[in-house]
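The structure appears below as structure tokens.
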Number of protein chains: 2
Amino acid sequence: MSTASSASRTTREQIVDAADQLFYEQGFDSTSFADIAAAVNLSRGNFYYHFKTKDDLLEAVIEQRLRNTQALLQQWEQQGTQPQDRIRCFIHILIANQARILLYGCPVGTLTTELAKLNHHALDQANAVFTLFRTWLRQQFQAMGRKQDADELAMHVLGRSQGVATLASAFQDEKFLKQEVKRLNQWLQQCVDDAKQ
Amino acid sequence: MSTASSASRTTREQIVDAADQLFYEQGFDSTSFADIAAAVNLSRGNFYYHFKTKDDLLEAVIEQRLRNTQALLQQWEQQGTQPQDRIRCFIHILIANQARILLYGCPVGTLTTELAKLNHHALDQANAVFTLFRTWLRQQFQAMGRKQDADELAMHVLGRSQGVATLASAFQDEKFLKQEVKRLNQWLQQCVDDAKQ
DNA sequence: GACAGCCTAGGACGCTTGTCCTAGGATTCA
DNA sequence: TGAATCCTAGGACAAGCGTCCTAGGCTGTC
């Protein structure tokens with residue numbers, strides 16, 4: 001069973017999944033190999049066989065997040081017929097992932113913030129996840145007819161979402177999260193109405 | 001010279017200042033006593049005399065931030081005659097602290113996010129800084145005549161600012177920061193106009 | 001000059017970390 | 001049956017961490 005075609009996930013995949021989750025919940029720096037080893041029932045020292053360094057593991061986690069994000073964006077692409085519907089899919093992740101966001105914030109934002117403080121070289125890769133969302137949102141606003149300021153609007157939505165996640169997590173405030181999602185949807189509707197004129 | 005009335009700052013104050021800055025730039029967890037000792041030219045082991053534990057030091061840092069924040073809010077209180085002018089003072093810190101925000105994000109948001117992931121007991125204290133801003137902003141909106149939704153508006157401003165800081169730092173994007181400050185000021189003006197009616 | 005209190009340098013401690021090595025079990029194929 | 005490959009457990013390692021102790025240098029008071 002050397003190929004990935006096995007029915008059950010490979011050990012490597014299990015490690016990446018566990019690391020992905022723990023990096024999100026505890027942060028990258030304070031998640032140790034021992035933590036991950038315990039999560040997948042593996043001996044700590046044996047990690048070297050699968051990942052030469054902790055940074056290699058981080059890169060694998062980020063690559064997985066990039067793939068997952070791309071798959072998510074493709075799914076939204078098919079889900080919504082109008083661009084504004086697709087953007088609403090994005091906004092809706094705040095609701096869909098509410099429980100985790102209240103506990104741990106935004107997985108993208110918290111990782112990039114941490115890596116920036118650590119001066120970690122994988123920061124650019126982590127930022128690429130943001131860029132995926134940014135580019136996709138920009139395309140949606142372009143499709144809405146906002147050719148001129150599509151990128152500005154994309155960044156605006158991205159920023160608003162970041163703020164909501166950070167503050168909702170800090171205050172453990174579900175009501176605030178829902179309020180802001182409503183506001184953001186209202187703002188989006190305003191955009192649609194403006195574009196029609 | 002056992003009192004704080006000395007012209008030069010006490011060693012303890014120097015330590016807290018250095019820790020404050022380093023916790024902001026590198027994060028709490030990855031800032032070691034050795035780092036702080038080097039910053040104030042002190043031997044590492046000697047820290048025990050001033051602070052029994054690292055958590056004690058963190059608490060001192062947060063208390064200093066609380067005092068500084070309160071002083072800042074009082075200053076704004078006197079600076080602006082109208083409540084909307086005072087709120088603009090708050091929004092303006094994104095511009096005033098632009099350079100540091102682009103490098104390290106928001107000092108309040110990044111600390112609370114980190115402490116939440118570390119499950120650190122000082123999280124509540126750190127959140128109190130947010131609460132200072134929240135309460136103060138709420139009072140300004142109340143003074144503007146928005147009695148009903150003053151807290152919601154306060155949280156909205158706080159959230160928007162958080163998002164701007166996070167994303168501006170991630171993308172190292174000064175233009176985005178300025179754009180969003182402009183948008184936020186426009187939004188505030190809309191609030192003022194709405195309240196007049 | 002003797003004493004007391006404040007503050008310091010330097011190093012020891014136990015622990016955890018990421019990294020790396022080695023011996024051997026399990027499986028596959030000839 | 002024998003060899004080769006894949007994967008594992010367990011532990012060694014050097015380094016860094018927060019914490020803590022001790023001896024001694026300052027400084028002011030009697």
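All values derive from a computational prediction rather than experimental measurement. A note on names: the letters A, B, ... follow the listed sequences, proteins ahead of strands, and every chain is numbered from 1.
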Of all the choices, [options], which nucleotide is nearest to the side chain of [X] once you look at every atom?
X: A:Lys54; options: C:dT8, C:dT19, D:dA9; answer: C:dT19
X: A:Tyr48; options: C:dC20, D:dC17, D:dT19; answer: C:dC20
X: B:Leu42; options: C:dT8, D:dG10, C:dG18; answer: C:dT8
X: B:Tyr49; options: C:dC7, D:dG18, C:dT19; answer: C:dC7

Please state how far atom [atom1] in [X] lies from atom [atom2] in [N], giving the value in whole angstrom units.
X: A:Leu58; N: C:dG18; atom1: CG; atom2: C1'; result: 14 Å
X: B:Phe33; N: D:dA15; atom1: CZ; atom2: P; result: 23 Å
X: A:Leu57; N: C:dT19; atom1: CG; atom2: C1'; result: 14 Å
X: A:Gln26; N: C:dT17; atom1: CD; atom2: C1'; result: 14 Å
X: A:Lys52; N: C:dC21; atom1: NZ; atom2: C1'; result: 12 Å
X: B:Phe47; N: D:dG18; atom1: CZ; atom2: P; result: 10 Å
X: A:Arg44; N: C:dT16; atom1: CZ; atom2: P; result: 10 Å
X: B:Asn41; N: C:dA9; atom1: CG; atom2: P; result: 9 Å

B:Phe141 six-ring centre to B:Lys147 NZ/CZ under 6.0 Å and within 45° of normal: no
Over 12 non-hydrogen atoms of neighbours within 6.0 angstrom of CD in B:Gln74: no
Step-by-step side chain to side chain donor-acceptor pair (under 3.5 Å) determination, B:Arg100 to B:Asn97: CA-CA 6 Å; B:Arg100 267 169 296 175; B:Asn97 298 336; 3.2 Å; yes
Most 5' of A:Gly45 and A:Ser32 on DNA chain C, judged by nearest nucleotide: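 Per heavy-atom nearest nucleotide, the more 5' residue is A:Ser32.
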Residue whose nearest DNA chain C nucleotide is more 5′ - B:Ser43 or A:Thr53: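 The residue closer to the strand's 5' end, by nearest nucleotide, is B:Ser43.
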Phosphate OP1/OP2 of C:dC6 contacted by B:His50 side-chain N/O (<4.0 Å): no
Derivation and outcome, salt bridge (charged side-chain N to carboxylate O under 4.0 Å, His left out), residues B:Glu25 and A:Lys117: CA-CA 6 Å; B:Glu25 293 175 2; A:Lys117 300 224 185 221; over 6 Å; no
5′-ward residue of the pair A:Thr11/B:Thr31 relative to DNA chain D: A:Thr11
Note, B:Asp17 side chain near B:Gln64 side chain (heavy atom, < 4.5 Å):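 Of all side-chain heavy-atom pairs linking B:Gln64 with B:Asp17, at least one is under 4.5 Å.
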